[in-house]
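Have a look at the structure below before the remarks.
No hydrogens, no waters, no symmetry mates; every other heavy atom, side chains included, goes into these values. Fair warning: this is a prediction, and the values are worked out from it, not measured in the lab. Throughout, protein chains are lettered first and strands after them, A, B, ... in sequence-line order, and every chain is numbered starting at 1.
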There are 2 protein chains.
Amino acid sequence: MSWQEQLVGAGYRLTRPRSIVMEILNNAKAPLVPSAIFKKAQRDGHSLGLVSVYRTLALLLKLGLVTLVHFSEGCHAYVLVSPGHHHHIICVGCGKAIEFSGAEDLDALTTRVQQETGYLINDHLLQFYGLCPACQQAAIKEVEWLSKNI
Amino acid sequence: MSWQEQLVGAGYRLTRPRSIVMEILNNAKAPLVPSAIFKKAQRDGHSLGLVSVYRTLALLLKLGLVTLVHFSEGCHAYVLVSPGHHHHIICVGCGKAIEFSGAEDLDALTTRVQQETGYLINDHLLQFYGLCPACQQAAIKEVEWLSKNI
DNA sequence: TCCTAATTGAAAAAGATTATCAATAAGGAG
DNA sequence: CTCCTTATTGATAATCTTTTTCAATTAGGA
Ligand SMILES: [Zn+2]
Ligand SMILES: [Zn+2]
Ligand SMILES: [Zn+2]
Ligand SMILES: [Zn+2]
């Protein structure tokens, strides 16, 4: 089911601002904060209010079409998600985030923690941080350059 | 090593505002956002600027004495941490957060994701959400009450 | 006790998010 | 296709949150 169908199926209207936000997120190379989406829209010559960006993101979040990525500071960037339960691994070099699945792999840990703490667990937040292949290459070249020129 | 020793050992001065923030976090039943710490200090009759709360938290974070807890909205509450690598499980009922360890339990998953994605992972964020024992009891009583009175 | 540099707090600036409300436009009815 | 109704938009203003600035204060060593 396309996002347009999801939207309409949930009783919302398919509007220009919503299409613009989805298009920008779709073309994004990394998670985007609301203001970044707003600026990209302006650069592309689209007419789109910042307030509508916030509203649209809140709606897309409710529909499960986007998810939040947490950074230690400057929290709350948005990325599209594919259907199902996923987590993200985020490159600390360029910000590129991709999905990985692995809810099952947390089952044992979840059970253990429930027993140890007495808490009843019904959700979790798991994100990995690291370097994407491209940024690893860049880092390697940087080290090579330093070893030659110092 | 006490937090005072950690602080002084790192070359910082032991000051009144820093002691106040630590004391408040120490007595807190749940993670606190900066403004909450500020208000608690005022209520306790302490003289403490909001700006100093932000500065102190940044310092404590750098020293590893506190950590951030992420909520979907209204991110960034602070809790004290004990030495070593820990994660938190946060009660969605009352906000109470407690630590659990389990870095090893993520090793297999980390390795798998590295192989699948090509990313080089060097950090992660893992938090569980659920109900603490007390809030579970409250929820049960609520259900019992409803089943009798409806 | 005195000095000096780190630290603080008040105020202002900058940013992020939410509330308001008149104007607009999506989508169904006719 | 045109008209209506109502969801949705965007500009403005109002709230918060966080960061900057800078003079006054104070911790801790000489
Ligand atoms: Zn967060
Ligand atoms: Zn990268
Ligand atoms: Zn609870
Ligand atoms: Zn961990």
Side-chain angles (χ1 to χ4, degrees), chain A residues 2-25 31-63 65-66 68-78, chain B residues 2-25 31-63 65-66 68-78:
Chain A
S2 70
W3 69 267
Q4 288 95 339
E5 289 169 328
Q6 278 226 223
L7 194 78
V8 173
Y12 298 97
R13 292 182 182 174
L14 181 53
T15 67
R16 189 99 191 79
R18 287 167 181 169
S19 296
I20 296 171
V21 171
M22 277 303 284
E23 184 196 327
I24 289 174
L25 285 174
L32 297 173
V33 294
S35 61
I37 294 173
F38 177 63
K39 282 172 197 155
K40 268 187 195 291
Q42 290 191 311
R43 217 167 292 151
D44 294 353
H46 290 127
S47 162
L48 174 66
L50 178 57
V51 184
S52 289
V53 174
Y54 277 99
R55 278 189 292 230
T56 299
L57 289 173
L59 176 60
L60 296 177
L61 196 61
K62 189 166 74 174
L63 293 175
L65 291 166
V66 300
L68 284 174
V69 167
H70 296 259
F71 297 95
S72 21
E73 22 64 57
C75 238
H76 290 189
Y78 295 78
Chain B
S2 70
W3 70 266
Q4 289 93 339
E5 290 170 327
Q6 278 225 223
L7 194 78
V8 174
Y12 298 96
R13 293 182 180 175
L14 182 52
T15 67
R16 189 100 191 81
R18 287 169 182 169
S19 297
I20 295 170
V21 171
M22 277 302 285
E23 185 196 327
I24 289 174
L25 285 174
L32 297 174
V33 295
S35 62
I37 294 174
F38 177 64
K39 280 172 198 156
K40 268 186 195 289
Q42 290 190 311
R43 216 167 292 150
D44 294 353
H46 290 127
S47 161
L48 173 67
L50 177 59
V51 184
S52 290
V53 174
Y54 277 99
R55 279 189 292 229
T56 299
L57 289 173
L59 176 60
L60 297 177
L61 195 61
K62 188 165 75 175
L63 293 174
L65 292 166
V66 301
L68 284 174
V69 167
H70 297 259
F71 297 94
S72 24
E73 25 63 58
C75 237
H76 290 188
Y78 295 78

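Within the 4.5 Å cutoff, the side chain of L60(A) has heavy atoms near those of the M22(A) side chain. Between P34(B) and Y78(B) there is a side-chain heavy-atom pair separated by less than 4.5 Å. Proximity of V21(B) to V66(B): side-chain heavy atoms (C-beta onward) are nowhere separated by under 4.5 Å.
Where DNA chain D meets chain B (any atom under 4.0 Å from a heavy atom), the bounding nucleotides read 5' to 3' are dT17(D) to dG28(D). Contacts between chain A and DNA chain C, taken as any atom within less than 4.0 angstrom of a protein heavy atom, begin and end at dA16(C) to dG27(C).
From S52(B), atom OG reaches atom CD1 of I20(B) across 9.5 Å, with rounding to the nearest 0.5 Å. Between I24(A) atom CD1 and K40(A) atom NZ the span is 7.5 Å, to the nearest 0.5 Å. Rounding to the nearest 0.5 Å places CG of L25(B) at 10.0 Å from OG1 of T56(B). Here the CG atom belonging to L57(A) is positioned 11.0 Å from the CG atom belonging to L65(A), to the nearest 0.5 angstrom. The distance from the CD1 atom of I37(A) to the CD atom of Q42(A) is 13.0 Å, given to the nearest 0.5 Å.
In this view, K39(A) satisfies the side chain to side chain donor-acceptor pair (under 3.5 Å) rule with no residue, not counting sequence neighbours. Take V51(A) and apply the side chain to side chain contact (heavy atoms under 4.5 Å, CB included) test, not counting sequence neighbours, and it matches R55(A). Judged as a ring pair (Phe, Tyr, Trp, His ring centres under 6.0 Å), and not counting sequence neighbours, H46(A) has no contacts. By the side chain to side chain contact (heavy atoms under 4.5 Å, CB included) test, A58(A) is found to be paired with no residue, residues two or more places apart in sequence or in another chain being considered.
Inter-axis angle, ends of the helix from dT1(C)-dA30(D) to dG30(C)-dC1(D), five pairs per end, rounded to 10 degrees: 30°.
Contacts between residues 6-19 of chain A and DNA chain D, counted as heavy-atom distances below 4.0 Å, involve Y12(A), R13(A), T15(A), P17(A), R18(A). Applying a 4.0 Å cut-off to non-hydrogen atoms, the residues of residues 37-56 of chain B that approach DNA chain C are S47(B), L48(B), G49(B), V51(B), S52(B), R55(B), listed by residue number.
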Please set out all donor-acceptor pairs under 3.5 angstrom arising from side-chain atoms of residues 3-16 of chain B, sequence neighbours excluded.
unit_1 : atom_1 : unit_2 : atom_2 : d
Q4(B)  : OE1    : S2(B)  : OG     : 3.4
E5(B)  : OE1    : S2(B)  : N      : 2.9
E5(B)  : OE1    : S2(B)  : OG     : 3.4
Y12(B) : OH     : K62(B) : NZ     : 2.9

Item to check | From CA spacing to verdict: side chain to side chain contact (heavy atoms under 4.5 Å, CB included), L63(B), L59(B) | outcome: CA-CA 6 Å; L63(B) 293 174; L59(B) 176 60; 4.1 Å; yes
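Judged by closest nucleotide on DNA chain D, L59(A) is the one of H76(B) and L59(A) placed further toward the 5' end.
Contact between A41(B) and L48(B) at its shortest, heavy atoms only, is CB-CD2, 3.6 Å.
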